[in-house]
Amino acid sequence: MPNLRVTTAADSHDLTTLADVKQELEITDGSEDARLSRWIAQASAAVYGHCSCVFISEAVTETFDLKSCSDYLFLSRYPVTAIASITEDGVAVDAADYDYNAANGLVQRLRSSRVSQWPVARIVVAYTGGYAFADLPQDIQG
């Protein structure tokens, strides 16, 4: 089971904006802003709890203690927008020696441009994963 640590947290984990909710409810003044903001935070937390994932982009470090060789690393946060670094037992893995699928967070080990396996080792991946708020799918925002 990987260990994930947030290194740069999102400013907010709300899945919609106060302005969008007010527009949807046809509220034109600020009299309900505090209550609506609280409800947005509560509803967002409920979605995260139900889905067991975080949708908003954050920089994270994920550690895998592999007890056997593995074809892939399955990153917890996706889509993956960037991988800053990968190490195997503290030794940096060159960016040419791995490939990743941004959409689903699968990272594959390469050796001499050929598909390989991740070795029995402590693998640490520093990356940014999740959606920028502007790119959050509409069904999640809804």
Side-chain angles (χ1 to χ4, degrees), residues 1-111 113-119 121-142:
M1 188 75 177
N3 176 2
L4 186 126
R5 181 175 56 87
V6 175
T7 54
T8 305
D11 292 335
S12 171
H13 287 95
D14 290 351
L15 296 175
T16 192
T17 65
L18 178 61
D20 285 347
V21 170
K22 288 173 69 171
Q23 180 182 17
E24 188 72 24
L25 297 174
E26 298 177 0
I27 297 173
T28 57
D29 64 16
S31 65
E32 297 295 324
D33 286 4
R35 182 190 326 235
L36 292 173
S37 294
R38 188 174 63 252
W39 288 347
I40 290 168
Q42 289 171 345
S44 297
V47 169
Y48 288 129
H50 179 75
C51 296
S52 299
C53 68
V54 174
F55 295 104
I56 301 298
S57 181
E58 295 183 304
V60 298
T61 300
E62 194 159 4
T63 302
F64 301 82
D65 286 311
L66 299 182
K67 305 298 183 213
S68 61
C69 294
S70 179
D71 291 335
Y72 294 97
L73 299 177
F74 298 90
L75 300 179
S76 299
R77 301 279 182 97
Y78 50 88
V80 175
T81 54
I83 293 182
S85 67
I86 299 179
T87 62
E88 290 177 356
D89 286 336
V91 177
V93 176
D94 190 274
D97 291 333
Y98 62 85
D99 191 21
Y100 68 97
N101 183 316
N104 62 20
L106 295 181
V107 183
Q108 193 168 38
R109 185 70 161 96
L110 304 174
R111 295 192 193 279
S113 300
R114 299 187 66 168
V115 174
S116 184
Q117 287 188 317
W118 292 99
R122 172 171 273 203
I123 312 294
V124 179
V125 184
Y127 67 100
T128 302
Y131 293 97
F133 186 80
D135 299 328
L136 196 61
Q138 187 61 40
D139 57 339
I140 295 173
Q141 285 188 40

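No experiment lies behind these values; they were computed from the predicted model shown.
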Around atom [atom1] of [X], are there more than 12 heavy atoms from other residues, nucleotides or ligands closer than 6.0 Å?
X	atom1	value
Gln42	CD	yes
Gln117	CD	yes
Arg111	CZ	yes
Asp11	CG	no

Could you tell me the separation between the [atom1] atom of [X] and the [atom2] atom of [Y], rounded to the nearest 0.5 Å?
X	Y	atom1	atom2	result
Thr16	Trp39	OG1	CH2	14.5 Å
Trp118	Ile86	CH2	CD1	4.0 Å
Leu75	Asn101	CG	CG	10.5 Å
Ile123	Arg109	CD1	CZ	7.5 Å
Leu73	Leu66	CG	CG	6.0 Å
Ile27	Leu18	CD1	CG	8.5 Å

If you define the side chain from C-beta out and look only at heavy atoms, does anything of [X] sit under 4.5 Å from [Y]?
X	Y	value
Ile40	Leu15	no
Tyr131	Ile56	no
Val54	Val6	no

Return yes if some donor-acceptor pair links the side-chain N/O of [X] with the main-chain N/O of [Y] below 3.5 Å, else return no.
X	Y	answer
Lys22	Thr17	no
Gln141	Leu136	yes
Ser70	Tyr72	yes
Thr61	Arg5	no

I need the minimum non-hydrogen distance between [X] and [Y], along with the two atoms involved.
X	Y	answer
Ala10	Ser57	CB-O, 3.7 Å
Tyr127	Leu4	OH-CD1, 3.8 Å
Glu88	Val93	CG-CG2, 3.6 Å

* To do: Show the numbers, then the answer: is there a side-chain contact (heavy atoms from CB on, under 4.5 Å) between Asn3 and Asp65?
  => CA-CA 9 Å; Asn3 176 2; Asp65 286 311; over 6 Å; no

* To do: Please identify each residue that fulfils ring-ring contact (aromatic ring centres under 6.0 Å, His included) with Phe55, with sequence neighbours left out.
  => Tyr48

* Asked: Taking only residues two or more places apart in sequence or in another chain, which ones pass salt bridge (Lys or Arg N to Asp or Glu O under 4.0 Å) with Arg35?
  -> Glu32

Name each donor-acceptor pair under 3.5 Å that joins a side chain in residues 76-84 to protein atoms two or more places apart or in another chain, with its distance.
{"residue": "Ser76", "atom": "OG", "partner": "Glu62", "partner atom": "OE2", "Å": "2.6"}
{"residue": "Arg77", "atom": "NH1", "partner": "Glu58", "partner atom": "OE1", "Å": "2.7"}
{"residue": "Arg77", "atom": "NH2", "partner": "Glu58", "partner atom": "OE1", "Å": "3.4"}
{"residue": "Thr81", "atom": "OG1", "partner": "Thr128", "partner atom": "O", "Å": "3.3"}

